[in-house]
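First comes the structure, then the notes that go with it.
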2 protein chains.
Amino acid sequence: MANHPMKPFCYDYPHPAVTTDIALFTIREERLAVLLIRRRAAPFQGCWALPGGFVEMDECLEDCALRELAEETGVTGVYLEQLYTFGKPDRDPRERIISVTYYALAPSEILSPVAGSDAAEVAWFAMDALPELAFDHREVIALAQQRLRAKLDYSTVAFGFMQEEFTLGELQKVYETIRGEALDKRNFRKHILALDLIGETGTSRRVGNHRPAKLYRVQHPGAVLYIK
Amino acid sequence: MANHPMKPFCYDYPHPAVTTDIALFTIREERLAVLLIRRRAAPFQGCWALPGGFVEMDECLEDCALRELAEETGVTGVYLEQLYTFGKPDRDPRERIISVTYYALAPSEILSPVAGSDAAEVAWFAMDALPELAFDHREVIALAQQRLRAKLDYSTVAFGFMQEEFTLGELQKVYETIRGEALDKRNFRKHILALDLIGETGTSRRVGNHRPAKLYRVQHPGAVLYIK
DNA sequence: CCAAAAGTGTTGCTGGTACACCCATGG
DNA sequence: CCATGGGTGTACCAGCAACACTTTTGG
């Protein structure tokens with residue numbers, strides 16, 4: 001078997017490439033939305049895809065996901081969790097590439113994504129209006145949405161979409177958007193307050209021609225807890 | 001950078017190696033047990049470890065896990081599910097190795113593991129009596145056990161431990177072993193039968209000096225369903 | 001005074017938990 | 001007839017679902 005003078009990284013056995021891909025969700029205009037980049041390079045040049053890229057040899061997988069997200073979209077400071085690892089042999093036309101996928105959550109207010117490095121363009125897409133996607137990224141997004149729905153019931157992931165201070169109305173909208181159904185206001189408030197995870201800040205916020213809403217904040221910021 | 005004439009697989013950028021590792025659980029003597037192999041080769045030579053090995057370039061990750069399990073332990077026909085991907089840069093002393101881990105379940109009756117290829121020895125270990133383990137495999141097993149406990153409540157994973165026909169007493173023992181607590185017999189039977197997932201075979205089985213037990217089988221073999 | 005979202009309790013139902021005795025069998 | 005696990009029903013309690021009106025504000 002021939003050597004390749006221009007390919008300096010050599011091994012006894014074939015090695016796959018490994019990437020991370022990140023599905024960053026937020027809620028915009030009462031719809032669940034995911035952040036996509038338009039690919040600058042082949043394959044799938046000009047096609048929309050999840051931000052992501054190759055794992056460096058000295059960084060762990062989570063660091064890689066955060067780095068790629070920052071490099072390609074400028075977004076930092078999100079909640080991040082490993083989703084699933086996709087590894088069908090032909091999922092990338094270039095070579096064997098195994099992708100460790102993550103999903104991320106953030107309140108849309110803190111985000112101002114800007115296209116960087118490999119991205120010609122960055123944009124939010126509502127989940128019910130996704131464009132054609134590169135690779136198996138549609139499958140990745142579908143799985144992430146499913147996981148998000150499930151964790152809504154038995155964990156505190158929903159707080160990943162909230163700013164530091166928020167109203168119960170805003171929180172309820174998040175739950176309703178992800179579950180795709182209206183919830184009873186009284187039952188929702190009773191349920192959330194019984195969890196004893198959030199507390200009043202003592203202040204309130206006026207946003208329209210109506211009564212101001214009390215502001216709340218999470219008791220243990222950063223932590224995603226399992227409930228029940 | 002120098003070429004390596006004896007290392008014929010060359011790339012423009014460094015590539016990590018990718019393995020799968022499998023935590024196969026069963027229930028033996030009313031304890032949750034995991035299948036380990038004693039490593040024949042360095043690193044961690046002579047040390048106990050999870051079965052697993054390098055991903056071939058033309059097989060998907062799940063196929064790799066099943067192949068490695070079969071090659072190293074002779075075990076086939078188990079329920080298999082992806083667990084988590086471990087990728088700290090220094091988790092293997094040889095080179096950067098990313099491991100996609102799986103957990104597997106099987107009734108102990110169908111299993112007769114035998115050491116193969118890379119394994120000097122194969123043995124079951126009760127979860128409360130694990131030996132020193134190679135790499136980060138203790139962490140893998142702990143995570144797998146945690147996942148198993150959680151899924152017991154909202155899925156039908158427990159049937160992965162059952163033979164085709166089983167008694168309600170046997171099924172209850174499985175739940176009790178994994179949860180680590182005794183369950184009320186009447187409530188357990190009521191609950192399981194209400195799920196409408198199993199049905200009587202019409203036959204019964206005698207196993208001791210007492211009344212024979214009705215045999216049941218799952219309505220939809222192979223499927224692991226989510227409940228509630 | 002009108003529009004708009006905030007805020008607030010009670011009732012019924014359902015599902016989970018606690019609990020004790022008789023049955024079928026082999027030795 | 002004794003030991004062993006198999007098999008069965010009821011009563012209570014807690015948590016979830018359904019449901020409507022008053023409050024505060026800006027225009």
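What you see below is based on every heavy atom in this structure, not just the backbone, and it leaves out hydrogens, waters and symmetry mates. First the proteins, then the strands, lettered A, B, ... as listed; each starts at 1.
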**Complete:** Rounded to whole Å, CG of Leu195(B) lies from C1' of dG15(C) at a distance of 12 Å
**Request:** Kindly point out which of dT24(D), dG27(C), dG6(D) is positioned nearest to the side chain of Ala213(B)?
**Result:** dG6(D)
**Request:** Provide, to the nearest angstrom, the distance between the CZ atom belonging to Phe188(A) and the C1' atom belonging to dG7(C).
**Result:** 14 Å
**Complete:** note: Glu176(A), atom CD; dA5(C), atom P; distance rounded to Å ~ 13 Å
**Item:** Of the listed nucleotides dT8(D), dG26(C), dG7(C), the one nearest the side chain of Arg189(A)
**Value:** dG7(C)
**Request:** Return the nearest nucleotide to the side chain of His210(B); candidates are dG5(D), dG7(C), dA18(C).
**Result:** dG5(D)
**Complete:** Asn187(B) CG to dT14(C) P, in whole Å, measures 18 Å
**Message:** Without decimals, in angstroms, what is the distance between Lys214(A) NZ and dT24(D) P?
**Reply:** 11 Å
**Message:** Heavy-atom count check: over 12 atoms from other residues, nucleotides or ligands less than 6.0 Å from Lys88(B) NZ?
**Reply:** no
**Asked** Whole-Å distance between dG7(C) C1' and Leu215(A) CG?
**Response** 14 Å
**Asked** Tell me: CZ of Arg205(A) to P of dA5(C), nearest whole Å?
**Response** 15 Å
**Prompt:** Counting side-chain heavy atoms from CB outward, which of dG7(D), dT25(D), dG9(D) is closest to Pro212(A)?
**Reply:** dT25(D)
**Asked** Testing Arg217(B), Lys214(B), Arg205(B) for salt bridge (charged side-chain N to carboxylate O under 4.0 Å, His left out) with Glu165(B), which one passes?
**Response** Arg217(B)
**Asked** Given atom CG of Leu183(B) and atom P of dC19(C), what is their separation to the nearest angstrom?
**Response** 15 Å
**Asked** When you check the gap from the basic side-chain N to the acidic O, do Asp118(B) and Arg40(B) get nearer than 4.0 Å?
**Response** no
**Item:** Pair Lys151(B) + Glu81(B), salt bridge at N-O below 4.0 Å
**Value:** yes
**Asked** Got a donor-acceptor pair under 3.5 Å from the side chain of Asn209(A) to the base of dA5(C)?
**Response** no
**Message:** Does dA18(C) have its OP1 or OP2 closer than 4.0 Å to a side-chain nitrogen or oxygen of Lys190(B)?
**Reply:** no
**Prompt:** Distance check: side-chain N/O of Arg186(B) vs OP1/OP2 of dG7(D), anything under 4.0 Å?
**Reply:** no
**Message:** By the 4.0 Å heavy-atom rule, please label Lys185(B) as base, sugar-phosphate, or nothing.
**Reply:** base
**5′-ward residue of the pair Glu170(B)/Arg211(A) relative to DNA chain D** = Glu170(B)
**Prompt:** Quick check: are there more than 12 heavy atoms from other residues, nucleotides or ligands sitting under 6.0 Å from CD of Glu109(B)?
**Reply:** yes
